[in-house]
There are 2 protein chains.
Amino acid sequence: MAGETRTEILDAAERLVQVRGFNGFSYADIATELDLTKASLHYHFAGKAELGRALIERYTDRFGRALDEIEAAGGTAPAKLAAYAEIYAAVLRDRRMCLCGMLAADYDTLAEPMRAAVVDFFDRNEAWLVRVLEQGEREGTLRLSGSASEAALTLVSGLEGAMLIARPYGDMSRFESAARRLLATLSAQSTPV
Amino acid sequence: MAGETRTEILDAAERLVQVRGFNGFSYADIATELDLTKASLHYHFAGKAELGRALIERYTDRFGRALDEIEAAGGTAPAKLAAYAEIYAAVLRDRRMCLCGMLAADYDTLAEPMRAAVVDFFDRNEAWLVRVLEQGEREGTLRLSGSASEAALTLVSGLEGAMLIARPYGDMSRFESAARRLLATLSAQSTPV
DNA sequence: GTCTATAACGAGATAGAC
DNA sequence: GTCTATCTCGTTATAGAC
């Protein structure tokens, strides 16, 4: 079975990026963690930029599968949005920032292929949210003011920001109350927050 | 007049942190920009951590003065919130991330004095917002659901997240529409967004 | 207050043996 | 597929002259 070490490298690197940022770790950190040499890492990933790109693509795929599962479960739009926010919450519970939220901060220092992959992640998230928001309007469970795409980007950036600011405080409840409020503003029932 | 070079160093370093992150620049970058040597920088700031701390303190002071000015202008709560969001917008227009939002991403790699200074920045912001939100409730211009402090942290993290995600797109309008929506949810008039 | 020079270390990367 | 060895360069930092 090939790809086992490759997967372990991706796992370790992913955690390091989410915790320390793309410029806050090195091949040496991964090598130490996996009890490998830096040279071995270069066998699997030619350079840090290639590793970074593989990281984002895997993350985007995994995120996409999670969104597919939410669709497959087939609830109301508010239930789907709550499940969406829970993906973020689970990442933060593991003391991590969203991979692409972290890379958005590092954006100016990234190679072009990584940049494009980061933007693609947010595009896909917002496109999925737009579909859910439109479902909510149709079924009468959500009441949007403004366009669905504006509501979607406000939601994504609100959740990313809530993760960003919650981490220094080490306080999940900071994320949770921001997330709850962001979702409540879209609900057709004026849910008391 | 002393402190001129010191100020130039702070200006250059501040911009570098806001654009590239704390681990995305070096003393060499500052030295090149100012046509100085790295050794000269060490005369003014013993190390990168001390420079970083001075950076945050100056930024927090400047931010605090901007908040004082908003208070001094003495409008309604919604006007104050709009002026608050405009501080963020001006930073982003200069293609920069909020200094402390960027450092929140880098948080795990920072020395303890810098960490404390970052948290202090957000504490002060939220405390100021709580006062404005309470003013709005009193004067009837804002209608809060939930506590003022929850609304304040949702606002700060929403604005920080909107900056974070707008930067990869290089698109101010992404920030602006998120900011407009965040403020609209607090308004007593259900402003069409 | 700024310089030259250099130390001491870590980064990303490669050659080539096994 | 992993290793040892090495290269080159960047990074933070210091000593000491001017």
Side-chain angles (χ1 to χ4, degrees), chain A residues 1-56 58 102-103 105-115 117, chain B residues 1-56 102-103 105-115:
Chain A
M1 198 60 167
E4 202 176 309
T5 300
R6 190 188 151 89
T7 301
E8 287 174 352
I9 294 168
L10 287 169
D11 290 344
E14 183 177 79
R15 204 199 98 261
L16 285 163
V17 174
Q18 290 182 271
V19 169
R20 302 177 56 88
F22 196 71
N23 299 313
F25 80 102
S26 71
Y27 265 37
D29 296 318
I30 305 173
T32 301
E33 194 167 319
L34 300 185
D35 225 344
L36 278 177
T37 60
K38 291 185 287 171
S40 295
L41 301 184
H42 281 286
Y43 170 79
H44 294 279
F45 299 97
K48 209 182 174 187
E50 288 81 2
L51 170 57
R53 192 174 187 202
L55 236 32
I56 305 168
R58 190 179 70 149
M102 185 61 93
L103 293 174
D106 296 327
Y107 192 80
D108 276 49
T109 69
L110 303 181
E112 180 48 39
M114 288 188 66
R115 293 185 178 189
Chain B
M1 198 60 169
E4 201 176 310
T5 300
R6 189 188 151 91
T7 300
E8 288 174 350
I9 294 169
L10 287 169
D11 289 345
E14 183 177 80
R15 205 199 98 263
L16 285 163
V17 174
Q18 290 183 270
V19 169
R20 303 178 55 89
F22 196 71
N23 300 312
F25 80 101
S26 72
Y27 266 37
D29 296 318
I30 305 172
T32 302
E33 195 168 316
L34 300 185
D35 225 341
L36 277 178
T37 60
K38 293 182 284 171
S40 296
L41 302 183
H42 282 285
Y43 170 80
H44 294 278
F45 299 97
K48 209 181 172 186
E50 288 81 3
L51 170 58
R53 192 173 187 203
L55 236 32
I56 305 168
M102 185 62 92
L103 294 174
D106 296 327
Y107 191 79
D108 277 48
T109 70
L110 304 180
E112 180 47 39
M114 286 187 67
R115 291 185 179 190

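Note on naming: letters A, B, ... go to the chains in the order of the sequence lines (proteins, then strands), and numbering restarts at 1 for each one.
- Considering only side-chain N and O atoms, B/T5 lies under 4.0 angstrom from the phosphate OP1 or OP2 of C/dT2.
- Remark: P of D/dG1 and CD of A/E4 are 11 Å apart, rounded to the nearest angstrom.
- The distance from atom CG of B/L34 to atom P of C/dC3 is 10 Å, rounded to the nearest whole Å.
- Residues passing the side chain to side chain donor-acceptor pair (under 3.5 Å) test with A/R115: none are found, sequence neighbours excluded.
- Side-chain N/O atoms of B/T37 include none lying less than 4.0 angstrom from OP1 or OP2 on C/dT2.
- Distance, B/R6 CZ to C/dT2 C1': 17 Å, rounded to whole Å.
- Contact annotation for B/S26: backbone-only contact, meaning every heavy-atom pair under 4.0 Å involves sugar-phosphate atoms and none involves a base.
- Residues that satisfy the side-chain contact (heavy atoms from CB on, under 4.5 Å) test with B/H44, not counting sequence neighbours, are B/T5, B/R6, B/I9.
- Of all nucleotides listed (D/dC3, C/dT2, D/dG1), D/dC3 comes nearest to the side chain of A/L36.
- Taking atom CZ of residue B/F22 and atom C1' of nucleotide D/dT12, one finds them 11 Å apart after rounding to whole Å.
- Here the C1' atom of nucleotide D/dT11 and the CG atom of B/L41 are 13 Å apart, to the nearest Å.
- Protein atom CG of B/L51 is 14 Å distant from nucleotide atom C1' of D/dA13, rounded to whole Å.
- Among residues two or more places apart in sequence or in another chain, the ring-ring contact (aromatic ring centres under 6.0 Å, His included) test is passed with B/Y27 by B/H42.
- One can place NE2 of A/H44 at 17 Å from P of C/dG12, the figure rounded to the nearest angstrom.
- In terms of the side chain to side chain donor-acceptor pair (under 3.5 Å) criterion, residue partners of B/T37 (sequence neighbours excluded) are, by chain and number, B/S40.
- Looking at residues two or more places apart in sequence or on another chain, you find a side-chain contact (heavy atoms from CB on, under 4.5 Å) between B/A49 and B/A111.
- Protein atom CG of A/L16 is 15 Å distant from nucleotide atom C1' of C/dA11, rounded to whole Å.
- When side chains are defined from C-beta on, B/E33 does not count as touching B/E8, because their heavy atoms never get closer than 4.5 Å.
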Could you list all N or O pairs between the protein and nucleotides 13-17 of chain C that sit under 3.5 Å apart?
unit_1, atom_1, unit_2, atom_2, d
C/dA13, OP2, A/K48, N, 3.0
C/dA13, N7, A/H42, NE2, 3.3

Decide yes or no on side chain to side chain contact (heavy atoms under 4.5 Å, CB included) for B/F25 and B/K48, but give the supporting numbers first.
CA-CA 10 Å; B/F25 80 101; B/K48 209 181 172 186; 3.7 Å; yes
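- OP1 or OP2 of D/dC3 has at least one side-chain nitrogen or oxygen of A/S40 nearer than 4.0 Å.
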